[in-house]
Amino acid sequence: MSAQPSARWVAQMRDTEAGRLARAADVDPVGPLWRGAQIFRLLSYLYALGFQLAINDDLEHRAVAWALFGLLTVWTAVSGVGYFVGFARNRYWVSVEVVVVCGLMLSTSYVADADWAWNNQTWPTTLWATNAVISVAILAGPVGGIVAGLVVGGTSTFVKGELNLNFGRNATIIVIVATGMAVGLAAANARRSHEKLSAAARIAAAAEERERLSREVHDGVLQVLALIARRGREIGGPTAELASLAAEQERALRRLISDGDASPESVLDGAGGTADVDLAAALRVFADDRVSVSAPADPVPVPAHIGQEIRAAVVNALDNTHHHAGPGARAYILVEDLGDDVVVSVRDDGVGIGEGRLAQAVSQGRLGVAKSIVGRIESLGGRAVLDTEPGGGTEWEFTVPRRQSRRD
């Protein structure tokens, strides 16, 4: 027989519903837990079978016990396949499993007498009954696992007819509840880790795609826009307006392909108070036709709260340039990574600040520079140095240590 029919059969199987579900199960973040639980299900079934063989002669209704064990066998097989493949991983199936397990445990009162039930574990063994608790825990997390453990353990206690508080000799309910909690925590952590890994993968894929597009755009559109801007300025006249528009679009396009849809707020505020953020990326998005930003090509990581304060100081410096430096003034931002320190310089080519002007503003109760700029940087353990003179522009230099954040 040739291998071709076999290959066709494999291809057909891949298109079946079972094959589709199996492939879908592979992307389930708790898939390994579901599959591992079915190994436990098989072992607990073998234990229940051995228990049945050992105690069957002691039961009052042996035939009924074997009939119920047949139901147990069918449920074990169907549920094991369902959870392993994936179609049973839902609250309806898990709820039915809890009902089936509790029902079989309650049947102990019929197939055995009260004395046997008190001196033995609940038929068909609490080990097999734990499968229902594990299924709930994987699906619903630690809280669901604890609740299911209490239900199954409570059913066992009900069958015995008395709550035995001597947990040193009988810790069945504690073990069942602890199992539900432990498996539930493992499932919750698996889902949380999967979400973080998926988010990181999406970010990496987006960055890779943006980098690929940036290369394509740089080799084509940006080169053309730069040429139009340069030639337009050389020709002059009405063409100068076209040159200005081309230059503006070039800067906007460069900013788009380098930082995507990021904004200073989203880059910094979305990272939380303890995570590191890229200060260079957060400040690079300020670039426009009146602001130039120069930053290292590599990320400049700083804790988020430091990045937020530096950004706020930069915003205030740019606001001062916009409102006080004069019409047509340009601003320049320089980001430097010095290892233990980061240095951010904000310079403009405006009219500058007259001698004594800042002291006069403070005496008049206007504390914008003192509080919004100097105060922010000094609160981080850094220093803010102002260099200005009338007609010579203004330059702020912020030096902030990284080690200050690590002590917090």
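In this chain, residues are counted from 1 in sequence order. The shown structure was predicted, so the numbers you read here are calculated from the model rather than taken from an experiment.
With hydrogens and angles left out, the side-chain atoms of R41 and Q38 include a donor and acceptor closer than 3.5 Å. Defined by atom type and a distance below 3.5 Å, a donor-acceptor pair is missing between the side-chain atoms of Y92 and E97. Counting only N and O atoms by type, the side chains of N320 and N316 include no donor and acceptor under 3.5 Å apart. T394 and R347 are not linked by any side-chain donor-acceptor pair at a separation below 3.5 angstrom, with hydrogens and angles left out of the test.
Rounded to the nearest 0.5 Å, atoms CG (L139) and OG (S95) are 8.5 Å apart. Distance check: I39 CD1 to R35 CZ gives 10.0 Å after rounding to the nearest 0.5 Å. Expressed to the nearest 0.5 Å, how far CD1 of I174 lies from OG1 of T179 amounts to 11.5 Å. Atoms OG and CH2, on S109 and W116 in that order, are 10.5 Å from each other to the nearest 0.5 Å. Atom OG1 in T321 sits 9.0 Å away from atom CD1 in I333 (nearest 0.5 Å). Atom CG of D115 and atom CG of N120 lie 9.0 Å apart (nearest 0.5 Å).
A salt bridge links R402 and D337; the closest N-O separation between the charged side-chain nitrogens and carboxylate oxygens is under 4.0 Å.
Within the 4.5 Å cutoff, the side chain of F398 has heavy atoms near those of the V346 side chain. The shortest side-chain heavy-atom distance between V400 and I310 falls under the 4.5 Å cut-off. When side chains are defined from C-beta on, T155 does not count as touching T122, because their heavy atoms never get closer than 4.5 Å. T172 has its side chain out of reach of Q121: every pair of non-hydrogen atoms, C-beta onward, lies at least 4.5 Å apart. Looking at heavy atoms from C-beta onward, E395 lies out of side-chain contact with L386 at the 4.5 angstrom threshold. For the pair V344 and L334, the minimum side-chain heavy-atom distance is 4.5 Å or more. A heavy-atom distance below 4.5 Å is not found between the side chains of Y332 and S294. Put simply, the side chain of W128 reaches to within 4.5 Å of the side chain of T76, judged on heavy atoms.
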For this session: Report the C-alpha distance between V342 and E336 in whole Å, list the side-chain angles of each, state the deciding distance to 0.1 Å, and finish with yes or no for side-chain contact (heavy atoms from CB on, under 4.5 Å).
Result: CA-CA 6 Å; V342 291; E336 299 176 89; over 6 Å; no
Problem set entry | Intermediate values then yes/no, side-chain contact (heavy atoms from CB on, under 4.5 Å), V94 and Y83 | CA-CA 10 Å; V94 170; Y83 290 132; 3.6 Å; yes
Problem set entry | Residues M105, V152; criterion side-chain contact (heavy atoms from CB on, under 4.5 Å); working and verdict | CA-CA 9 Å; M105 294 175 72; V152 173; 3.9 Å; yes
Exercise. Are L68 and L72 close enough, and set up right, to give a side-chain contact (heavy atoms from CB on, under 4.5 Å), and what steps lead you there?
Worked result: CA-CA 6 Å; L68 292 174; L72 181 151; over 6 Å; no
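Under a 3.5 Å cut-off, the side chain of R89 and the backbone N or O of F84 do form a donor-acceptor pair. Counting only distance, with no hydrogens or angles, the side chain of S156 and the backbone of G153 share no donor-acceptor pair below 3.5 Å. Side-chain atoms of S198 never come within 3.5 Å of backbone atoms of E195 as a donor-acceptor pair (strictly under, hydrogens ignored). A donor-acceptor contact shorter than 3.5 Å links the side chain of T130 to the backbone of T126. A donor-acceptor distance shorter than 3.5 angstrom exists from the side chain of T388 to the backbone of G393, with no hydrogens or angles considered.
The six-membered or imidazole ring of W123 lies away from that of W66, with a centre-to-centre distance of 6.0 Å or more. For F69 and Y45, the ring centers are positioned less than 6.0 Å apart.
The nearest pair of heavy atoms linking A65 to L59 is CB-CD1, 3.6 Å. Taking every heavy atom of both residues into account, I228 and A246 meet most closely at CG2-CB, 3.8 Å. Of all the heavy atoms in G144 and V136, the pair that sits closest is O-CG1, 3.3 Å. Nearest heavy atom pair, residue P29 against residue P32, reads O-CD, 4.0 Å. In terms of heavy atoms, A37 sits closest to I138 at CB-CD1, 4.0 Å. Of all heavy-atom pairs between D349 and R330, the closest is OD1-N, 2.7 Å.
Aromatic ring pairs are classed by plane angle as parallel below 30°, tilted from 30° to 60° and perpendicular above 60°; the pair H61 and Y110 is parallel. Taking the six-membered ring where tryptophan is involved, the planes of W93 and F87 are perpendicular, since the angle between them exceeds 60° and thus also 30°.
Within 6.0 Å of atom CG in L185, more than 12 heavy atoms from other residues, nucleotides or ligands are found, so the atom counts as buried in its surroundings. Atom CZ of R191 is surrounded by more than 12 heavy atoms from other residues, nucleotides or ligands within 6.0 Å.
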